[in-house]
Structures are given as C-alpha cells and as structure tokens.
Amino acid sequence: MKKTILASALLLAISGLSTAQANEVGISAEVSGMTKYVFRGYKLTNHFHVQGSIEADYQGFYAGFWGTTDQEVGSETNLYLGYGFDVSDSIALDIGVLQYRFDGIDEDYLEYHIGVDFGFAGITFYYDEFDNIYIEASTEFALNDQWSIGLHAGWEDSDESLYDVGISLNYAITDTLTASAFATKKESGDRAIFFGLTASF
C-alpha cells in the first residue's frame with residue numbers, strides 16, 4: 001500500500017509539473033558507470049554497473065527516479081519526493097521520502113530524511129519504516145577549476161551501531177562529464193576502492 005501511494009504521488013507530481021511553464025520547471029539527469037556498488041560503506045557488488053537518475057523540480061519541490069542495473073540481490077530502482085527551501089542566506093533545509101524497490105525480492109521499503117545544508121557542508125538524518133537510523137555528514141571543496149575532493153562520514157543504528165567514512169577525488173573532464181576515484185571503509189570490515197564516470201544533463 002505504501003509503495004502504491006508513493007508511486008502514485010510521484011506520477012501526480014511529475015504530471016503536475018508538466019502543466020507549468022517550461023522555463024519554471026527544472027529537469028536534470030545523470031548516468032554513471034561504476035566499477036563497484038558501495039552503499040553507506042557496504043560493498044554490495046564488485047561488478048561494473050550502470051546507474052542513472054532523472055529529476056524534475058519546481059519551486060523547491062522535486063520528484064525523481066534512480067536505478068542501477070546490477071546488485072547481487074537484484075536490480076534496484078528508487079522513487080523519491082521532497083521539498084527544499086532556504087532558511088537564511090547560508091542555511092537550507094531539505095525534507096523528503098524515498099522508496100527502495102528491488103527486483104525479484106519482496107523487500108520494498110520507505111525511508112524519510114531531513115537535511116541541513118550550510119553551504120560548505122551538509123548533514124542529513126535518515127529514518128526508515130524498520131526504525132533504522134542513518135546520519136551522514138559530507139562536504140566537497142574545489143582544488144582548482146577541474147579537481148575537487150569530497151569527504152563523507154556516516155553512522156548507522158540498525159542491528160549494529162556502525163560508522164563509515166569515504167573520500168573521493170573528482171576530475172571535471174568537461175562541464176557535463178566527471179571522472180571520480182573513491183575509497184570507503186565500514187566499521188564492520190568492508191573496504192573498497194572504486195572508480196566512476198558520470199555524465200550530467
């Protein structure tokens with residue numbers, strides 16, 4: 001029932017956006033090739049896979065779809081809705097809900113989030129319908145016009161209380177094409193070094 005409600009809401013949001021003037025609606029998309037699939041420090045697969053997303057936004061509201069072609073438990077698609085707004089010149093808030101959908105297994109579930117963006121860094125709190133909690137802090141800073149470094153730290157409270165950390169080195173090949181190298185570590189023992197190429201539209 002919950003997944004039907006979210007899917008219907010997503011379709012209504014996107015159809016509603018299509019009635020607005022084109023210059024008032026933002027449409028963005030990304031396609032990435034990744035050598036591993038790592039999620040919050042967990043190395044889910046060692047296989048190369050392709051992942052992509054498309055998002056529509058209008059006056060702070062947004063709705064989107066994200067999917068990947070390869071996960072050992074089956075392909076994954078996510079639907080999400082949210083709203084972001086400025087609190088001040090330097091602080092913005094974001095609230096939303098995301099539905100994880102897995103092909104071939106009946107483990108679809110909802111996750112809610114609220115995030116605070118300070119401009120130089122952001123903190124996001126996640127809570128899902130199984131009472132699991134995940135908190136992440138992230139930042140990215142430019143070294144020059146082409147190179148940048150991203151830093152990530154996360155903590156989860158589920159079956160265990162675990163932290164994860166990550167770093168990325170990003171190179172802007174063009175305005176729309178970025179190559180990245182990632183290194184991550186999970187307290188449970190997962191470690192990964194992987195690479196990606198992302199095209200943004």
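Bear in mind that the values here come from a model prediction, so they are computed numbers and not experimental data.
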Trace of the salt bridge (charged side-chain N to carboxylate O under 4.0 Å, His left out) decision for K43 with D190: CA-CA 6 Å; K43 185 169 60 176; D190 280 27; over 6 Å; no
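- When all heavy atoms are compared, the tightest approach of A192 to V38 is CB-CG2, 3.8 Å.
- K186 forms no cation-pi arrangement with Y163, by the criterion of a distance under 6.0 Å to the ring centre and an angle within 45° of the ring axis.
- Within the 4.5 Å cutoff, side-chain heavy atoms of F201 are placed close to those of V31.
- In this structure, D108 contributes its side chain and F102 its backbone to a donor-acceptor pair below 3.5 Å.
- L169 is not listed as a side-chain neighbour of F195, based on a closest heavy-atom distance of 4.5 Å or more.
- Of the N and O atoms on the side chains of E140 and S148, at least one donor lies less than 3.5 Å from an acceptor on the other residue.
- In terms of heavy atoms, F182 sits closest to S168 at CD2-CB, 3.5 Å.
- For Q99 and Y109, the side-chain atoms include no donor-acceptor pair closer than 3.5 Å.
- Taken to the nearest 0.5 Å, the CG atom of D86 stands 9.0 Å off from the CG atom of D117.
- The closest side-chain donor-acceptor pair between N170 and S180 falls under 3.5 angstrom.
- Here the side chains of L79 and W66 are not in contact, with every heavy-atom distance at 4.5 Å or above.
- With S32 contributing its side chain and M34 its backbone, the two residues share no donor-acceptor pair below 3.5 Å.
- Looking at heavy atoms from C-beta onward, F125 lies in side-chain contact with I133 at the 4.5 angstrom threshold.
- Atoms CZ and OG1, on R101 and T77 in that order, are 5.5 Å from each other to the nearest 0.5 Å.
- Linking ILVMFWY residues whenever their side-chain heavy atoms come closer than 4.5 Å, directly or via other members, leaves V165 and L162 in distinct clusters.
- Under 3.5 Å, the side chains of E76 and Y37 contain a donor-acceptor pair of N or O atoms.
- Inter-residue side-chain proximity for F130 and S158 is flagged as unmet; no heavy-atom pair is nearer than 4.5 Å.
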Stepwise side chain to side chain contact (heavy atoms under 4.5 Å, CB included) test for F65 and N78: CA-CA 6 Å; F65 165 91; N78 302 332; over 6 Å; no
Residue pair I135, I123: steps toward the side chain to side chain contact (heavy atoms under 4.5 Å, CB included) verdict: CA-CA 7 Å; I135 302 171; I123 298 175; 4.3 Å; yes
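- Contact annotation: the side chain of Y127 never approaches that of N132 to less than 4.5 Å [non-hydrogen atoms, C-beta and beyond].
- A 4.5 Å side-chain heavy-atom check between I167 and I149 finds at least one atom pair inside the cut-off.
- The two residues I27 and A56 come nearest to each other via the heavy atoms CD1-CB, 3.5 Å.
- Separation of the F61 and Y83 ring centroids falls under the 6.0 Å cut-off.
- With hydrophobic clusters built from ILVMFWY side chains whose heavy atoms lie under 4.5 angstrom apart, L44 shares a cluster with Y100.
- Of the residues listed (E111, E55, H113), the one engaging Y80 in a side chain to side chain donor-acceptor pair (under 3.5 Å) is E55, and it is the only one.
- Here the CZ-OG distance, from F118 to S88, works out to 9.5 Å after rounding to the nearest 0.5 Å.
- For the 3.5 Å distance criterion, the side chains of S161 and W155 qualify, holding a donor opposite an acceptor.
- In terms of hydrophobic clustering, with Ile, Leu, Val, Met, Phe, Trp and Tyr side chains grouped at heavy-atom distances under 4.5 Å, I173 and L143 are assigned to a common cluster.
- Taken to the nearest 0.5 Å, the CG atom of L93 stands 6.0 Å off from the CD1 atom of I114.
- H47 contributes atom NE2, which lies 11.0 Å from atom OG1 of T69 (distance to the nearest 0.5 angstrom).
- With respect to Y134, the side-chain contact (heavy atoms from CB on, under 4.5 Å) criterion is satisfied by exactly one of D164, D157, D128, T124: D164.
- In this structure, E30 and I54 have side chains that are not in contact, with every pair of non-hydrogen atoms separated by 4.5 Å or more.
- Remark: side-chain polar atoms of T139 are paired, donor with acceptor, to backbone N or O of F120 under 3.5 angstrom.
- Under a 3.5 Å cut-off, the side chain of N144 and the backbone N or O of Q146 do form a donor-acceptor pair.
- The backbone N or O of I193 sits less than 3.5 Å from a side-chain atom of K36, completing a donor-acceptor pair.
- Other residues, nucleotides and ligands contribute over 12 non-hydrogen atoms within 6.0 Å of the CG atom of L197.
- Applying the 6.0 Å contact sphere to CG of D175 captures no more than 12 heavy atoms from other residues, nucleotides or ligands.
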